[in-house]
Amino acid sequence: MTAPHHTTVELIKLARVLNRDPADLDFLATLPPTALREFRDQITDLTARREARRMQRVGAAAKLVPAPIAAKITEAAFGPVLAAALAGSVDPARAVAIASALSPSFLADGTLTLDPRRAVELIAQVPGPMAAAVASELISRGDYLTMGNLAGSVPDSVLRAALPHAADLDILQVGYYLEETSAADRLLTIVTDRVPGVIRATHDADEWPKAITLLALLGPTERSKLANVVAAQDDEVIDGLLAAVEEVDAWDTLLPVAAGMAPEPLQRLAQRPAMQNPTLLTKIADLALTQNLWLSLLPLATHLSPTQLHTVAARVATEPDDSLTTLIEQAHTENHWPTLLPVALALSTPDRKRLAALPVMHRPAYLTAAIEATATHNLWPEALTVLNDLPAATHDTLATAINTLTDNNFREALEAAPTADCTTTLIQIVLRQDVSARLRSLTLLNESDNLELFVATITTQDPAIWQSISEAREGIPEPLRTLLATQATQCGRTELGIDLTTG
């Protein structure tokens with residue numbers, strides 16, 4: 001999304017260098033902004049080289065007269081364009097002395113064609129009051145292009161002196177035309193206390209497309225700060241932003257921003273009416289999956305409602321197995337299991353079975369990480385539904401992972417198991433633990449408030465499972481062993497029930 005807007009800005013800047021109407025350059029609109037920037041710099045450099053010798057001679061002559069007289073000559077004979085060209089050929093201190101005798105209006109005219117790359121030392125020495133006066137003049141003219149051209153080059157002290165003369169909306173306009181995109185972070189830092197006002201002014205003036213373009217220029221830290229401030233605004237403002245993002249198709253910009261939001265603002269964003277639209281959610285999920293923004297989508301997913309999650313999961317499920325494997329690997333590498341699990345568990349039953357059958361899900365490190373995330377965020381009711389779909393070959397790994405759970409975590413798993421219809425599988429896994437760990441697990445089960453319900457849902461008639469339970473009977477505490485004996489009999493394994501009863 002942002003490339004077309006950056007292209008528009010570059011065309012405007014190029015048109016100024018060529019002294020043409022931007023509309024005359026529409027035929028270049030298909031070029032990337034970096035190519036236009038490079039072309040503009042080449043033109044500027046070529047012009048400067050052509051005039052270099054003449055400017056050096058004039059600059060040398062300027063040293064021979066007092067600064068006030070040089071200022072009068074500059075204003076009367078040279079004009080602002082030539083004065084700007086001369087700026088890089090005169091000693092910076094001398095140039096500032098001459099400039100101090102010129103009117104703010106004349107200086108503002110001169111900045112229109114000033115190349116900041118050739119006047120770095122000069123700009124650094126410009127006094128704050130002079131910079132403020134020139135900035136005020138440029139802003140009063142609405143010449144944000146020139147302000148943006150200079151803002152990336154001047155020291156922070158100069159910006160701090162100049163920006164109080166700008167209204168909130170003026171700051172947005174300056175940011176939109178920044179010459180150096182790296183200056184966006186610096187600008188936002190300097191005007192931190194004014195950001196809420198800038199956001200409100202942006203909404204009132206319906207200038208969201210420009211704000212979104214500026215947002216794309218920011219680094220992750222400043223993006224997150226700005227996004228959190230936006231999310232703290234009135235619902236009207238947030239809805240305005242979302243509507244603009246959809247209108248200019250800027251979800252590729254907003255998703256990475258949302259990923260860095262604090263939980264509360266991100267939850268608020270997820271709850272807005274626009275985010276309830278299944279078509280929009282599918283579009284966002286599709287963008288994330290096709291534009292390498294998967295890891296930016298996951299933090300948002302943790303704040304979606306079950307209905308929203310099902311919509312996102314349905315799009316994820318359309319990916320082939322190799323793509324799903326890559327998505328899981330990416331999430332694991334960045335420790336995103338807490339955000340991946342809600343999406344995975346929102347899949348339909350057939351798709352969850354397909355996910356559980358993927359070899360990537362059987363890797364010990366992945367299973368362990370999934371168990372840890374499930375325990376940390378108490379996702380047992382949803383996560384345990386996948387347990388029956390994992391092959392028996394994973395039970396040893398799962399048994400080891402259970403060893404690391406706290407007593408409270410394991411109790412939560414036991415509480416959720418009957419509803420998830422996985423009590424038989426969970427018992428099988430417990431029996432794969434080493435002796436001491438198994439004793440702990442069985443003791444916790446024996447002390448569970450839902451012990452009877454847990455045992456009653458072990459309805460398997462598989463003799464191998466009941467045989468395993470019987471073989472472990474000496475380590476099974478009462479009344480768990482008695483309940484298992486009764487259940488074995490009810491499942492047609494009378495002899496094993498007797499074995500459990502006799503101990």
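Note that these values count all heavy atoms, side chains included, but never hydrogens, waters or copies made by symmetry.
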Where the side chain of Ser441 meets the backbone of Ala437, is there a donor-acceptor pair that is under 3.5 Å apart?
yes
Looking only at atom types and distance, does a side-chain atom of Arg354 sit under 3.5 Å from a main-chain N or O of Asp351, one as donor and one as acceptor?
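Side chain of Arg354 to backbone of Asp351, a donor-acceptor pair under 3.5 Å: no, none is there.
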Rounded to the nearest 0.5 Å, how far apart are [atom1] of [X] and [atom2] of [Y]?
X      : Y      : atom1 : atom2 : result
Thr424 : Asn388 : OG1   : CG    : 7.5 Å
Ile429 : Cys422 : CD1   : SG    : 8.0 Å
Leu295 : Thr339 : CG    : OG1   : 8.0 Å
Ile469 : Gln428 : CD1   : CD    : 8.5 Å
Ile328 : Trp337 : CD1   : CH2   : 6.0 Å
Asp252 : Leu255 : CG    : CG    : 8.5 Å

Looking only at side-chain N and O atoms, does Trp466 offer a donor or acceptor that is under 3.5 Å from a partner on Gln461?
no
Within the 3.5 Å criterion, strictly below it, is a donor on Arg315 or Thr318 matched to an acceptor on the partner's side chain?
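Result is yes, a qualifying pair exists.
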Is Glu495 salt-bridged to Arg493, cutoff N-O under 4.0 Å?
yes
Between Arg268 and Asp235, does any side-chain N to carboxylate O distance fall below 4.0 Å?
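A salt bridge links Arg268 with Asp235.
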Would you name the heavy atoms of Tyr144 and Tyr177 that are closest together and state the gap between them?
O-CB, 3.5 Å
Heavy-atom side-chain proximity of Leu405 to Ile371 below 4.5 angstrom:
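Leu405 vs Ile371: side chains touch.
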The test is salt bridge (charged side-chain N to carboxylate O under 4.0 Å, His left out); show your working for Asp168 and Arg200 and say whether it passes.
CA-CA 9 Å; Asp168 289 336; Arg200 183 75 234 187; over 6 Å; no
